[in-house]
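Here the structure comes first, spelled out in structure tokens, and everything after it is commentary.
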Amino acid sequence: MTNEWCGWREATERALYGPDDGFYTRPGGPGPAGHFRTSVHVSGLYAGAVATLLRRVDGALGHPDELALVDVGAGRGELLTGVLAVLPGEVAARVRPCAVERAARPRGLDPRIEWRGELPAPGSVTGLLFANEWLDNVPVDVVETDADGVPRRVLVRADGTERLGGPVDGADAEWLRRWWAPPLAPDAAGALPPGLRAEIGRPRDEAWARAVRTLRAGLAVAADYAHERCDRPPFGTLTGFRDGREVSPVPDGSCDITAHVALDACAGPSAERLTQREALHALGVDGRRPPLALAATDPSGYVRALSSAGSAAELTDPAGLGGFGWLLEPVGGACAGLLTAGGA
């Protein structure tokens, strides 16, 4: 990789998606599951919940002849594989599963799953579009306030060395004014303290808008670790992951590079936002332990139910995965409110 100075957005694009040595696109690489666990990898309960949501979308749309399930940022196809495994036959026969992923199609994947490197055409999809931990890997630029409190673009080299570049201007400056609320107050002259950092989420807003536009009718869902304007971390969230551990974000292709998502900025006018805990509870996933009496009457069933409850508790833990944000964008009106009371 080149070791020239550039912004974090450009550096991350090369590091994650370079054709030969990108973290996600490197031939023969283990994929995301080799470095970190998403909700998809925690338990089949997650795929089951997405299958339940897909069936609700199907009902709201009047059971169309073809029902799309588009998984954006599909990894190695684990979510689609899990959903197809639990769908009733009548629904599975109508489902058109599509994985959107920049890495090559994995060997042995269910032949029913279409594999593509980019989003479907605008207005071509009727069904459910689901993006689990996709937006956090859409590369963004990073800014830092200088000694005078001026937000400047952070430049980086492939070895992770940083320096400040020019002041942020144009559309990026406007995004910061609207969506970044530094928690530390400016001084009497109105200047921000030095050393504050933020990620400019505008590319993610645009990527999500493109994803939603693929729908003719249905529901688009983004599930990701996120923060709100009122509680943006003062020093940003950029980090790396390698082999299951959090590491420094070095853009040399050796690690995942990720940052929390400003889902409130991504949200369109009809959007609904829930925590993952709220969303999964609405889809029938909870962490309640099975009754102890079951251990006496059906010991094997009790052990299975206990294991399921443990997985559900991890998926819905408000201090962990349960605190993730779910952004729901209904298109066409029929799929509004599917995770609220009365939407089942």
Side-chain angles (χ1 to χ4, degrees), residues 1-32 34-36 38 71-76 99-105 115-119 131-144 151-166 168-173 175-176 179 197-211 214 222 224-226 236-242 246-263 265-266:
M1 289 211 173
T2 179
N3 207 32
E4 298 175 356
W5 293 103
C6 64
W8 266 104
R9 183 181 180 186
E10 180 182 342
T12 301
E13 177 69 26
R14 286 200 303 259
L16 297 186
Y17 305 114
D20 300 317
D21 53 2
F23 180 78
Y24 283 116
T25 53
R26 184 180 299 114
H35 297 277
F36 51 86
T38 71
D71 181 9
V72 186
R76 295 298 183 265
V100 180
E101 176 58 66
R102 295 174 68 172
R105 182 187 183 97
W115 194 269
R116 54 186 301 144
E118 57 186 21
L119 291 165
N132 182 70
E133 294 196 39
W134 168 55
L135 287 173
D136 66 274
N137 282 132
V138 173
V140 292
D141 273 319
V142 178
V143 300
E144 181 177 323
R152 292 181 175 271
R153 204 172 304 273
V154 177
L155 304 180
V156 65
R157 296 195 300 195
D159 62 4
T161 306
E162 291 184 338
R163 74 179 187 192
L164 294 187
V168 181
D169 57 9
D172 285 343
W175 191 94
L176 283 175
W179 293 111
R197 286 172 68 105
E199 297 91 29
I200 300 173
R202 187 172 61 86
R204 294 169 173 178
D205 301 353
E206 294 170 352
W208 180 241
R210 287 194 300 273
T214 67
D224 232 310
Y225 39 95
T237 60
L238 189 75
T239 192
F241 284 94
R242 183 193 303 119
E246 188 169 0
V247 297
S248 297
V250 178
D252 61 359
S254 68
C255 66
D256 181 32
I257 297 174
T258 180
H260 285 50
V261 182
L263 282 179
C266 296

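Since we're looking at a predicted model, the values are computed, not measured. Each residue takes its place number in the sequence, starting with 1.
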In plain terms, say whether Asp136 and Arg204 are close enough for a salt bridge, that is, a side-chain N and a carboxylate O under 4.0 Å apart.
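Judged by the 4.0 Å cut-off on N to carboxylate O distance, Asp136 and Arg204 do not form a salt bridge.
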What I want to find out is whether Asp256 reaches Arg242 closely enough, with some N-O distance under 4.0 Å, to be called a salt bridge.
no
Quick one: does any side-chain atom of [X] pair with a main-chain N or O of [Y] as donor and acceptor, under 3.5 Å?
X	Y	answer
Trp115	Ala103	yes
Thr214	Ala211	yes
Thr237	Ala259	no
Arg157	Asp159	no
Arg163	Val156	no
Asp141	Trp8	yes
Glu144	Arg197	no

For [X] against [Y], the heavy-atom pair lying closest together:
X	Y	value
Phe23	Cys255	CD1-C, 3.4 Å
Ala158	Val250	O-CG1, 3.2 Å
Gly201	Val140	CA-CG1, 4.3 Å
Thr161	Trp5	O-CZ3, 3.3 Å
Pro203	Pro139	CB-O, 3.7 Å
Ala207	Leu135	CB-CD2, 4.4 Å

Taking it one step at a time, do Glu199 and Leu238 satisfy side chain to side chain contact (heavy atoms under 4.5 Å, CB included)?
CA-CA 8 Å; Glu199 297 91 29; Leu238 189 75; 4.0 Å; yes
Can you check salt bridge (charged side-chain N to carboxylate O under 4.0 Å, His left out) on Asp21 and Arg14, steps first, answer last?
CA-CA 9 Å; Asp21 53 2; Arg14 286 200 303 259; over 6 Å; no
Side chain proximity check, Ile200 to Arg153, heavy atoms < 4.5 angstrom:
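Yes, at least one pair of side-chain atoms sits under 4.5 Å.
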Between atom OH of Tyr17 and atom OG1 of Thr25, what is the distance when rounded to the nearest 0.5 Å?
9.0 Å
dist Ile257:CD1 -> Leu16:CG (nearest 0.5 Å) comes out at 5.5 Å
Given Leu155 and Glu162, is the side chain to side chain contact (heavy atoms under 4.5 Å, CB included) satisfied, shown in steps?
CA-CA 6 Å; Leu155 304 180; Glu162 291 184 338; over 6 Å; no
What verdict does the side chain to side chain donor-acceptor pair (under 3.5 Å) test give for Asp205 and Trp179, after you've listed the backbone C-alpha separation in whole Å, the side-chain angles of each residue and the deciding distance to 0.1 Å?
CA-CA 11 Å; Asp205 301 353; Trp179 293 111; 4.7 Å; no
Please step through side chain to side chain contact (heavy atoms under 4.5 Å, CB included) for the pair Glu206 and Arg202, ending with a clear verdict.
CA-CA 6 Å; Glu206 294 170 352; Arg202 187 172 61 86; 2.9 Å; yes
Side chain to side chain contact (heavy atoms under 4.5 Å, CB included) between Tyr225 and Glu133, intermediate numbers included
CA-CA 7 Å; Tyr225 39 95; Glu133 294 196 39; 3.6 Å; yes
Is it true that Trp134 and Asp71 share a donor-acceptor pair across their side chains at a distance under 3.5 Å?
no
Of the options Val138, Asn137, Asp224, which is the one that meets Val261 in a side chain to side chain contact (heavy atoms under 4.5 Å, CB included)?
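Testing each of Val138, Asn137, Asp224 against Val261, the sole residue satisfying side chain to side chain contact (heavy atoms under 4.5 Å, CB included) is Asp224.
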